[in-house]
Number of protein chains: 2
Amino acid sequence: MDTSQLLKGVLDLAVLAVLRDADGYGYDVLRRLRAAGLEDVADASVYGTLRRLFQAGALTSYVQPSEEGPHRKYYGLNKTGHELLARSTKTWNHFADTMSVLLEEEAA
Amino acid sequence: MDTSQLLKGVLDLAVLAVLRDADGYGYDVLRRLRAAGLEDVADASVYGTLRRLFQAGALTSYVQPSEEGPHRKYYGLNKTGHELLARSTKTWNHFADTMSVLLEEEAA
DNA sequence: GGAGACTACTACACATTGCGGAGTACTCCG
DNA sequence: CGGAGTACTCCGCAATGTGTAGTAGTCTCC
């Protein structure tokens, strides 16, 4: 039901993942995440996560004006960000595998 | 690194899963989880989760004395617990699949 | 030109939940 | 008796996602 708790600690990873291919600004990252299936992500969570990752030194940031609305604050992965993404992905995969085994045991 | 955040919302599921096959008491559930690969789970988290699930009406509970130490508080799944387990498993699988796609995109 | 929708971001207070540490208490062994 | 292992409780903390409110820009439609 409540996917919000599942996101804990994983939103970082998801945000890094959608920024891997191309820089993006908050509102855009939000749309990418929702399009990817994370439909219940709240906007404040995304903005907060971007700020946190930036402060942690994983993202670059630059502001660009837009002609379709307010200015946009773009974020992109730097070296630290890529490393973090790689590490977090491994951690996640390991964790997901563990859960998988736990849940499937005795299912047969 | 820090798997503690990944556990958020998933520990409930993991606890339900290890109780699916047989009733268990806190200390035992802790060992089962660690044996299953969740080695960093803290004991307080498990006891807390058991209490929460019990209060939520998903578990039955009964105390049994032990000859190898203090009394043991056993917990077991009731109907609500089994339903919760089934529902949470589905939610988790869906979520894990979504993340999987997100992480593998462009990997090729 | 004003209302409303969509875009885009910030700030703050809050709820959930896992963790650490301290404390209690029982059994067994040396 | 002291220490280890077992078994549980309580309390306060920290991390993080959410809701709400607020600011502000563009565009459309009546």
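Protein chains get the first letters and strands the later ones, always in sequence-line order, with residue 1 at the start of each.
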Tell me the bend of the helix from C/dG1-D/dC30 to C/dG30-D/dC1 as the angle between end helix axes, each from five pairs, rounded to the nearest 10 degrees. 0°
Qualifying residues under side-chain contact (heavy atoms from CB on, under 4.5 Å), relative to B/Tyr27, sequence neighbours excluded: B/Tyr25, B/Arg31, B/Tyr47
Select base, sugar-phosphate, or nothing to describe what B/Gly9 touches, counting heavy atoms under 4.0 Å on all strands. sugar-phosphate
Return the polar atom pairs (N/O with N/O) between nucleotides 20-27 of chain D and the protein under 3.5 Å, or none.
{"from": "D/dT26", "atom 1": "O3'", "to": "A/Glu67", "atom 2": "O", "distance (Å)": "3.0"}

Taking atom C1' of D/dA14 as reference, at what distance in whole Å does atom CG of B/Leu7 sit? 15 Å
Please list, in 5' to 3' order, the outermost nucleotides of DNA chain C lying under 4.0 Å from any heavy atom of chain A. C/dT7 to C/dT17
Are A/Ser45 and A/Leu11 side-chain neighbours, meaning at least one heavy-atom pair lies under 4.5 Å? yes
For atom NE2 of B/His94, decide whether the heavy atoms of other residues, nucleotides or ligands shown that lie under 6.0 angstrom number more than 12. no
Examine D/dG17: is either OP1 or OP2 under 4.0 Å from a nitrogen or oxygen in the side chain of A/Thr49? Give yes or no. yes
Closest non-hydrogen atom pair, A/Ala36 against B/Thr98: O-CG2, 3.2 Å
Here the residues of residues 50-59 of chain A within 4.0 Å heavy-atom distance, strictly under, of DNA chain D are A/Arg52
Report yes or no: does A/Arg20 contribute a side-chain atom to a donor-acceptor pair with the main-chain N or O of A/Leu77 at less than 3.5 Å? no
Once you round it to whole Å, what is the distance between C1' of D/dC10 and NZ of B/Lys73? 13 Å
Quick check: on DNA chain D, is the nucleotide nearest B/Tyr25 upstream (toward 5') of the one nearest A/Ser45, or the reverse? Name the residue that is more 5'. B/Tyr25
Evaluate the side chain to side chain contact (heavy atoms under 4.5 Å, CB included) criterion for residues A/Phe95 and B/Val10: first the C-alpha distance (whole Å), next the side-chain angles of each, then the deciding distance (0.1 Å), finally the verdict. CA-CA 11 Å; A/Phe95 182 76; B/Val10 187; 4.1 Å; yes
Determine whether A/Val29 and A/Tyr75 satisfy the following criterion, side chain to side chain contact (heavy atoms under 4.5 Å, CB included), listing intermediate values before the conclusion. CA-CA 9 Å; A/Val29 168; A/Tyr75 293 96; over 6 Å; no
For A/Leu16 and A/Thr89: C-alpha separation, side-chain torsions, deciding distance, then whether side chain to side chain contact (heavy atoms under 4.5 Å, CB included) applies. CA-CA 10 Å; A/Leu16 289 173; A/Thr89 300; over 6 Å; no
Between A/Leu102 and B/Leu13, is there a side-chain heavy-atom distance shorter than 4.5 Å? no
With sequence neighbours excluded, residues passing salt bridge (charged side-chain N to carboxylate O under 4.0 Å, His left out) with A/Asp12: none
Any side-chain heavy-atom pair from A/Thr3 and A/Val41 closer than 4.5 angstrom? no
In whole angstroms, the gap separating P of D/dG17 from CG of A/Leu6 amounts to 12 Å
Verdict with supporting geometry, A/Asn78 and A/Leu59, side chain to side chain contact (heavy atoms under 4.5 Å, CB included): CA-CA 6 Å; A/Asn78 59 19; A/Leu59 301 180; 5.8 Å; no
Take the angle between the ring planes of B/Tyr74 and B/Tyr62 and call it parallel below 30°, perpendicular above 60°, tilted in between. parallel
